[in-house]
Amino acid sequence: MTTHPDTQAPPSPSTELSTKYTPADVEGPLYERWVEAGYFTPDATSDKPPFTVVIPPPNVTGVLHIGHALDHTLIDTLTRRRRMQGYEVLWLPGMDHAGIATQNVVERELAKNEGKSRHDLGREEFVRRVWQWKDESGGKIAGQMRRLGDGVDWTRDRFTMDEGLSKSVQTIFKKLYDDDLIYRAERIINWCARCHTALSDIEVEHSDDDGELVSIRYGDGENAIVVATTRAETMLGDTAVAVHPDDERYRHLVGTEVELPLTGRRIPIVADEHVDPSFGTGAVKVTPAHDPNDFEIGQRHGLPNLTIMDEKAVITAHGPFFGMDRFEARPAVVRALREDGRIVAEKRPYVHAVGHCSRCDTVVEPRLSLQWFVKVETLAKEAGDAVRDGRVAIHPPELAKRYFDWVDNMHDWCISRQLWWGHRIPVWYSPQGEMVCVGPDEQPPGPEWTQDSDVLDTWFSSGLWPFSTLGWPDQTADLAKFYPTSVLVTGYDIIFFWVARMMLFGLYAMDGKQPFDVVALHGLVRDKYGKKMSKSRGNTVDPLDWMDAYGSDALRFMLARGANPGSDQASSEEWVAGARNFCNKLWNATRFALLNGADASAELPSELSPADRWILSRLHTVLAEVDDLYERYEFAKLTDLLYHFAWDEVCDWYVELAKPELAAGGTRAQTTRAVLGHVLDRLLRVLHPVTPFVTEALWTALTGKESVVIAEWPKAELGRRDPAAEAEIEALQRVVTEIRRFRSDQGLKPTQRVPARLDGLDALGVAAHETLIRSLSRLDPAGEDFTATGTVQVGAELTVSFDTSGTIDVAAERRRLEKDLAAAEKERAQNSGKLGNDAFLAKAPDAVVAKVRERLTAAEADLARLEAQLAALPSA
RNA sequence: GGGCGCAUAGCUCAGUGGAAGAGCACUCGCCUUACAAGCGAGGGGUCGGGGGUUCGAAACCCUCUGCGCCCACCA
């Protein structure tokens, strides 16, 4: 840290910024200070309007990956802005117990460290171990969130398995049960043969796998019928063969029986609409206990359900295949059939869709079992309507279609899981088989009753998150103040898992009041090549690594800058580095301002220079645009806008324009200090939600105030807009850039001061800026012995004559002029072509025609000028 | 099998009817006292192919090709 005496700056304890920006030094102490100051803890009794966001609860055993970092960045950005705007802001943190995922992790650890299974420990001890594991790994996530700067209210931290949320789960289960919206039934469900539990439809991932299609002849002679299957082993459980009722080929067989090979059982041939006569032979084997379609056919025809596998997918049918795994049994059955002369055809490989457990990738086994279901028809209808009638807005709107497709076609939701980690189903059974659903604060009828051993799907409790976390079913002050939540920010990949379920339950439990007003969906974070990040690909990144190397602000800025609504974004270390450079730029600009006595508290003088009016005009225009972009959740655009405004306009131009003013002293310096202070103050405030740490350090140094976290959101003062000043400074910029180009082409060193005469500044309206133009382009006044060695023209008016103390590089100048000439010629041709088109003149709007005319005139003038200049060049 | 989306500079992406853009990468010149994590200047694209609508298309329509994603109980 260096100190410097600065008598101009307002008295402030913190106007000292180290000469070097070191993110770790800046970010380290700030977060805990914010938490201790209570900035993130809202008051449920205040009069301020509420703004509520609940965190998408991360899996308690996990660590935050880059995708979470995106979620958190966007939520933190929204909530910090609203806090500055005067809302009572609650960002509620918490974690999800993540049933299968967590149980699998702990089981794996148990096997690795102690060589034991959960069954060795018993249910009670195993669950105790999971809690222990939760306590250890939950801390990691909290630590990551602090590093990211998440402005969450830790006093309201929740966990899906904590006491209050468990009560919510039990309450809603009972309510649904009493309303006949939860039922228990024996159905074909998706069964993971490794996790030993039922799965809901969306926990199954389909992929096209290589398999086989085997055609088997059932029966003999005239009664023979050929069926095709990819799962030959299930024929052991066949209880019928089905054909289409209109299929002439088999009409004579319908109602007859055929002998099932290998078993000697006789099974009926039935007619069912489901069968597609054009597929294969038009006949299908029916295995009601092991295929969802077959189950349906079985129901329609009163067929028995013959289960031939246990929960491990091991064959239980008596005979030679007993005890074989399903994948062992398949070739064994085919072999036996072949020996029996029953195989008509074999196609291998046969590619077809196979379902896999989304948690462990094991092939899912359709299994007949007794499970609990939510009857979704009415709930899903409501959930769809809430979006259809506009109570809930989905951003971007294109993704609403995906939501509708799902809720409008949702099957009943299997919610029971044969796990130990989760909310136990609150239903008890008597030895006589009676059943009772027990609500919170209720007891089962007697000591001989036993509780259902299954637990609920994790997403059942996640679906309650927007209100269970606020105290529901109790009518708490938080619930009254903060429900419905304002916006839900999450990835489009969990629309079905989570968003839709919250809609179902929120509307149901809260009397039709939606769980959130807006769903803002973002995409997935991919690697620098746009590839999906995955452990197997080895392209995942730990956000902590990037935060360590470049700072949290840089990580956040990079993520926000890539976040276009609903679309995936690439990320890479170079981009985080670029974002860090931006923070560094802000740092140095603020240092410059402080070194020069910028005063953020000063009133803006009424007498302002064109440069001052220009930057103020741009600032307030940008502030208005940022507000607009926030309303549309266009994080990438607003971040990019601020990036370019801060860097290109404030740093590259305004600061450079300010230097001579500051050096001039007196009123001019005073005015510039006030404007510089004004601009930086607003800039740091408007950037704070995205880059909270560096803006806090800089803003407090600049203003001497307590914290930018609680500063007022900068208002766009549209009265500051000044098109004339903007035009004037833009003209100045063009002049300076053109002169610099000439210098660069001529190989003049940037530091080399060159005498020059400027003619025609008046015509461009920048005569008043001659000193500025000279200082920015390093041109000295023309002296007594001035000899022009070269000229450059800007537009048609301005001529700059240089004395380069020698000859100019004629070849370089010729190249430059010829290039400009070619551009002017192209421009002339393009525009004269348009004006030569009668249809264009007749149909294009006047404004467009006028513009084209102007451009043609300018191009023609440029052509004449450039030709003259070229002609005047000494021949090479 | 159905649905959706994408194809613009070497890479990753903005740009929804009136002059082709950004970041990174690249070339040249600079330690010009806020910043070399920087400054100045520059090169680079017949906007995937073909057809159509229009005075005018990267943008709207059709079609082809190539990717990507989601959904799915055709054995």
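Below, chain A is the first sequence line, B the second, and so on; all start at residue 1.
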Task: Between P of B:rU12 and NZ of A:K532, the distance in whole Å - done: 17 Å
- [ ] With heavy atoms under 4.0 Å as the rule, sort A:E656 into base, sugar-phosphate or nothing.
- [x] base
Task: P gap between B:rU16 and B:rA34, integer Å - done: 40 Å
Task: Touch class at under 4.0 angstrom, heavy-atom based, for A:N837 against every strand present - done: sugar-phosphate
Open item on the list: Checking base pairs now: Watson-Crick or wobble, both atom distances under 3.5 Å. What partners B:rA34?
Closed with: none
Open item on the list: Using a heavy-atom cut-off of 4.0 Å across all strands, would you classify A:C583 as base, sugar-phosphate, or nothing?
Closed with: nothing
Open item on the list: Applying a 4.0 Å non-hydrogen cut-off, can you work out what A:H206 is touching in the nucleic acid: base, sugar-phosphate, or nothing?
Closed with: base
TODO: Just call it for A:K401: base, sugar-phosphate, or nothing, with non-hydrogen atoms closer than 4.0 Å on any strand.
DONE: sugar-phosphate
TODO: Just name whichever nucleotide pairs with B:rG29, Watson-Crick or G-U, keeping both distances under 3.5 Å, else none.
DONE: B:rC39
- [ ] Tell which nucleotide pairs with B:rC13, taking only Watson-Crick or G-U wobble pairs whose two distances are both under 3.5 angstrom.
- [x] B:rG21
Open item on the list: Just by distance, no angles: are the side chains of A:D568 and A:H522 close enough, under 3.5 Å, to form a donor-acceptor pair?
Closed with: no
- [ ] Hunt down the Watson-Crick or G-U wobble partner of B:rA72, both distances under 3.5 Å, from any strand shown, or write none.
- [x] none
Open item on the list: With a 4.0 Å limit, can you tell me whether A:K834 has a side-chain N or O closer than that to the phosphate oxygens OP1/OP2 of B:rG18?
Closed with: no
Open item on the list: Using a heavy-atom cut-off of 4.0 Å across all strands, would you classify A:A570 as base, sugar-phosphate, or nothing?
Closed with: sugar-phosphate
Task: Below 4.0 Å: OP1/OP2 of B:rA34 and any side-chain N or O of A:K659 - done: yes
Open item on the list: Just N and O in the side chain of A:W575: are any of them under 4.0 Å from OP1 or OP2 of B:rA37?
Closed with: no
Open item on the list: Among B:rG23, B:rC39, B:rU32, which nucleotide has an atom closest to any side-chain atom of A:T751?
Closed with: B:rU32
- [ ] Sort out the partner of B:rG66 for me: Watson-Crick or G-U wobble, both distances under 3.5 Å, none otherwise.
- [x] B:rC6
Open item on the list: Please classify the nucleic acid contact of A:S571 as base, sugar-phosphate, or nothing, using heavy-atom distances under 4.0 Å.
Closed with: nothing
TODO: Could you give the distance separating B:rU33 and B:rA41 at their C1' atoms, to the nearest angstrom?
DONE: 23 Å
- [ ] Taking only the side-chain heavy atoms of A:D640 (C-beta and beyond), determine which of B:rA22, B:rA75, B:rC39 contains the nearest atom.
- [x] B:rA22
Task: Given B:rG3, B:rA19, B:rC74, the nucleotide with the shortest approach to the side chain of A:D405 - done: B:rG3
Open item on the list: Checking A:E203 against A:S200: is there a side-chain donor and acceptor pair closer than 3.5 Å?
Closed with: yes
Task: C1' atoms of B:rG52 and B:rU12, separation to the nearest Å - done: 33 Å
Task: Presence of A:N588 side-chain N/O under 4.0 Å of B:rG38 phosphate oxygens OP1/OP2 - done: no
TODO: Taking only the side-chain heavy atoms of A:F840 (C-beta and beyond), determine which of B:rG18, B:rC35, B:rG42 contains the nearest atom.
DONE: B:rG18
Open item on the list: Using a 4.0 Å heavy-atom cut-off, does A:D652 contact any base of the nucleic acid, only the sugar-phosphate backbone, or nothing at all?
Closed with: sugar-phosphate
Open item on the list: So, under a plain 3.5 Å distance rule, would you say the side chain of A:R740 forms a donor-acceptor pair with the base of B:rA41?
Closed with: no
TODO: Using a heavy-atom cut-off of under 4.0 Å over every strand shown, decide if A:P366 touches base, sugar-phosphate, or nothing.
DONE: nothing
Open item on the list: Whether A:E233 and A:R231 form a salt bridge (side-chain N of Lys/Arg under 4.0 Å from carboxylate O of Asp/Glu) is what I want to check.
Closed with: yes
Open item on the list: I'd like to know if A:K749 reaches the base of B:rC30 with its side chain, counting only an N/O donor and acceptor under 3.5 Å.
Closed with: no
Open item on the list: Tell me if the side-chain of A:R580 makes a donor-acceptor pair with the base of B:rA37, cut-off 3.5 Å, by modelled atom types.
Closed with: yes
Open item on the list: Taking pairing as Watson-Crick or G-U wobble with both contacts under 3.5 Å, can you name the mate of B:rA57, or confirm there isn't one?
Closed with: none
- [ ] Mind checking A:V655 for me? I need base, sugar-phosphate or nothing, with any heavy atom below 4.0 Å counting as a touch.
- [x] base
